[in-house]
Asker: 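What follows is a single structure, and I will ask about it in a moment.
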Amino acid sequence: MDAQELATRYKTAVEESLGLIAKIDDDKDVTFKHPDLGTFYFSLDAAQDPEYMMLVFPSFADERSIGGDRVKLLEIVNAVNGQCKAVKLSVRERDGHHNVTATAECFLAGADQGPTQELLKAIIKRTFSALTSGVRTFAEKVKAEKPGGTVSDSNSSM
């Protein structure tokens, strides 16, 4: 399966399952924008690992979400990872800031085989739901840590 064919399968599945417009970028990853949350993408590698799927919600929050406390941010991320199914939050340092990215990852076919269109259509909505559930859980935990229980406006997705 070539990269264009794999990306087209994901694009079709996103559009049919989530009702959102998806695009294939220059790297043959599939991007789409949720009107309330922001931009997501499927990171794909048809040549090396066509059976592996990773849905990414990049840099949806940073340490400012928790008042600049990087350690508290890591504690919240760890708690979410232990509580939520299929989603993994990670903290990455970039340009002096610690950003939180959410991913949902899995294998969808046997070695060196791409997933079928039917399988993708069947799992995209559930995968997206699991990822956004992890993001909501993160936002709730951040809110609980703040005096007065309010979430800051430092990130529009929260």
Asker: Using the side-chain contact (heavy atoms from CB on, under 4.5 Å) rule, take Asp62 and His98 through it: C-alpha gap first, then chi angles, then the decisive distance, then the call.
Answerer: CA-CA 5 Å; Asp62 63 26; His98 294 86; 5.9 Å; no
Asker: Whether Arg9 and Glu5 form a salt bridge (side-chain N of Lys/Arg under 4.0 Å from carboxylate O of Asp/Glu) is what I want to check.
Answerer: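 Salt bridge flag = yes for Arg9 with Glu5.
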Asker: Does Val77 share a hydrophobic cluster with Val87, counting links as ILVMFWY side-chain heavy atoms below 4.5 Å and allowing steps through other members?
Answerer: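 Looking at the clustering, Val87 is in the same group as Val77.
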Asker: If every non-hydrogen atom of Ala102 is compared with every non-hydrogen atom of Leu89, which pair is closest and at what distance?
Answerer: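 Result for this residue pair: CB-CD2, 3.3 Å.
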Asker: Examine distances only and state if a side-chain atom of Asp27 and a backbone atom of Asp29 form a donor-acceptor pair shorter than 3.5 Å.
Answerer: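 No.
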Asker: Decide whether Val14 and Met1 are clustered together by the hydrophobic rule: side chain heavy atoms of Ile, Leu, Val, Met, Phe, Trp, Tyr closer than 4.5 Å, transitively.
Answerer: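 Same cluster.
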Asker: Roughly how far apart are Asp25 CG and Ser43 OG, rounded to 0.5 Å?
Answerer: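 Nearest 0.5 Å value for the CG-OG distance: 9.0 Å.
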Asker: Give me the one residue out of Phe40, Tyr10, Tyr41 that meets ring pair (Phe, Tyr, Trp, His ring centres under 6.0 Å) with Phe128.
Answerer: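 So the option named by the test is Phe40.
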Asker: Measure from the side-chain N and O atoms of Thr101 to the backbone N and O of Ser59, and report whether any donor-acceptor pair falls under 3.5 Å.
Answerer: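 Answer holds: yes.
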Asker: Determine whether Leu37 and Thr132 make a side-chain contact, defined as any pair of heavy atoms from C-beta on separated by less than 4.5 Å.
Answerer: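 Of all side-chain heavy-atom pairs linking Thr132 with Leu37, at least one is under 4.5 Å.
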Asker: Please round to the nearest 0.5 Å and tell me the distance separating atom CG of Leu131 and atom NE2 of His34.
Answerer: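 One gets 11.5 Å once the value is rounded to the nearest 0.5 Å.
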Asker: The criterion is side chain to side chain contact (heavy atoms under 4.5 Å, CB included); which residues satisfy it with Ala122, sequence neighbours excluded?
Answerer: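 Residues passing side chain to side chain contact (heavy atoms under 4.5 Å, CB included) with Ala122: none at all.
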Asker: Within this structure, what is the CD-CD1 distance for the pair Glu118 and Ile123, rounded to the nearest 0.5 Å?
Answerer: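 Glu118 atom CD to Ile123 atom CD1 measures 12.5 Å (nearest 0.5 Å).
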Asker: Is the shortest distance from a Lys or Arg side-chain nitrogen in Glu63 or Arg70 to a carboxylate oxygen in the other one below 4.0 Å?
Answerer: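 Salt bridge: no.
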Asker: Any heavy-atom pair between the side chains of Gln117 and Leu119 that's under 4.5 Å?
Answerer: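 The answer is no, as the side chains (C-beta and beyond) never meet within the 4.5 Å cut-off.
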Asker: So does Pro50 get a backbone contact from the side chain of Gln113, meaning a donor-acceptor N/O pair under 3.5 Å?
Answerer: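 No, the answer is negative, given that no donor and acceptor are paired below the 3.5 Å cut-off.
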Asker: Quick check: do Lys28 and Gln4 have side-chain heavy atoms less than 4.5 Å from each other?
Answerer: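 Yes, at least one pair of side-chain atoms sits under 4.5 Å.
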Asker: I need the minimum non-hydrogen distance between Pro115 and Ala109, along with the two atoms involved.
Answerer: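 That would be N-CB, 4.1 Å.
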Asker: Take Glu140 and Arg136 through the test salt bridge (Lys or Arg N to Asp or Glu O under 4.0 Å) and record every step on the way to the result.
Answerer: CA-CA 6 Å; Glu140 290 165 3; Arg136 277 192 312 275; 5.5 Å; no
Asker: Within the 4.5 Å heavy-atom criterion, are Asn99 and Pro58 side-chain neighbours or not?
Answerer: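 Not touching, per the 4.5 Å side-chain cut-off.
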Asker: Check Lys141 with Glu145, please: is the shortest side-chain N to carboxylate O separation under 4.0 Å?
Answerer: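 No.
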Asker: Are Ile21 and Lys33 close enough, and set up right, to give a side-chain contact (heavy atoms from CB on, under 4.5 Å), and what steps lead you there?
Answerer: CA-CA 7 Å; Ile21 296 170; Lys33 186 171 185 174; over 6 Å; no
Asker: May I ask you to say whether Glu75 pairs ionically with Lys72, meaning some side-chain N is under 4.0 Å from a carboxylate O?
Answerer: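 Judged by the 4.0 Å cut-off on N to carboxylate O distance, Glu75 and Lys72 do form a salt bridge.
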Asker: Evaluate side-chain contact (heavy atoms from CB on, under 4.5 Å) for Ile124 paired with Thr127, printing each intermediate quantity in order.
Answerer: CA-CA 5 Å; Ile124 292 287; Thr127 303; 5.8 Å; no
Asker: How many angstroms lie between CG in Leu74 and CD1 in Ile66, if you round to the nearest 0.5 Å?
Answerer: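 Atom-to-atom, Leu74:CG and Ile66:CD1 are 11.0 Å apart.
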Asker: Hey, could you give me each pair passing side-chain hydrogen bond (donor to acceptor under 3.5 Å, both in side chains) that has a residue in residues 45-55? Not counting sequence neighbours.
Answerer: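 Output for this query lists Tyr52-Glu105.
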Asker: Considering only residues two or more places apart or on different chains, which pairs with a residue in residues 62-83 satisfy ring-ring contact (aromatic ring centres under 6.0 Å, His included)?
Answerer: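 Listed once each, the pairs would be none.
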Asker: Say you draw a straight line from NZ of Lys85 to OG of Ser133; how long is it, rounded to the nearest 0.5 Å?
Answerer: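 It is 10.0 Å, given to the nearest 0.5 Å.
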Asker: So do the side chains of Lys23 and Phe32 get within less than 4.5 Å of each other, counting heavy atoms only?
Answerer: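 No, side chains not in contact.
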Asker: Does Leu44 belong to the same Ile/Leu/Val/Met/Phe/Trp/Tyr cluster as Leu18, with side-chain heavy atoms less than 4.5 Å apart forming each link?
Answerer: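 Result: yes, single cluster for both.
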Asker: Establish whether Leu20 and Val56 are linked, either directly or via other cluster members, by ILVMFWY side-chain heavy-atom contacts under 4.5 Å.
Answerer: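 They do not share one cluster, since no chain of ILVMFWY contacts under 4.5 Å joins Leu20 to Val56.
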Asker: Can any side-chain N or O of Ser17 pair as donor or acceptor with the backbone N or O of Lys121 at less than 3.5 Å?
Answerer: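 Confirmed, Ser17 side chain pairs with Lys121 backbone.
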Asker: Could you go through the side-chain contact (heavy atoms from CB on, under 4.5 Å) check for Thr103 and Leu55 one step at a time?
Answerer: CA-CA 5 Å; Thr103 60; Leu55 174 60; over 6 Å; no
Asker: Shortest non-hydrogen contact from Val30 to Ala22?
Answerer: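 Smallest interatomic distance, heavy atoms only, reads CG1-CB, 3.9 Å.
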Asker: Are Ile76 and Phe138 close enough that some pair of their side-chain heavy atoms sits under 4.5 Å apart?
Answerer: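 Of all side-chain heavy-atom pairs linking Phe138 with Ile76, at least one is under 4.5 Å.
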Asker: Under a 4.5 Å side-chain heavy-atom rule over Ile, Leu, Val, Met, Phe, Trp and Tyr, are Phe107 and Leu120 clustered together?
Answerer: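 Not linked; separate clusters.
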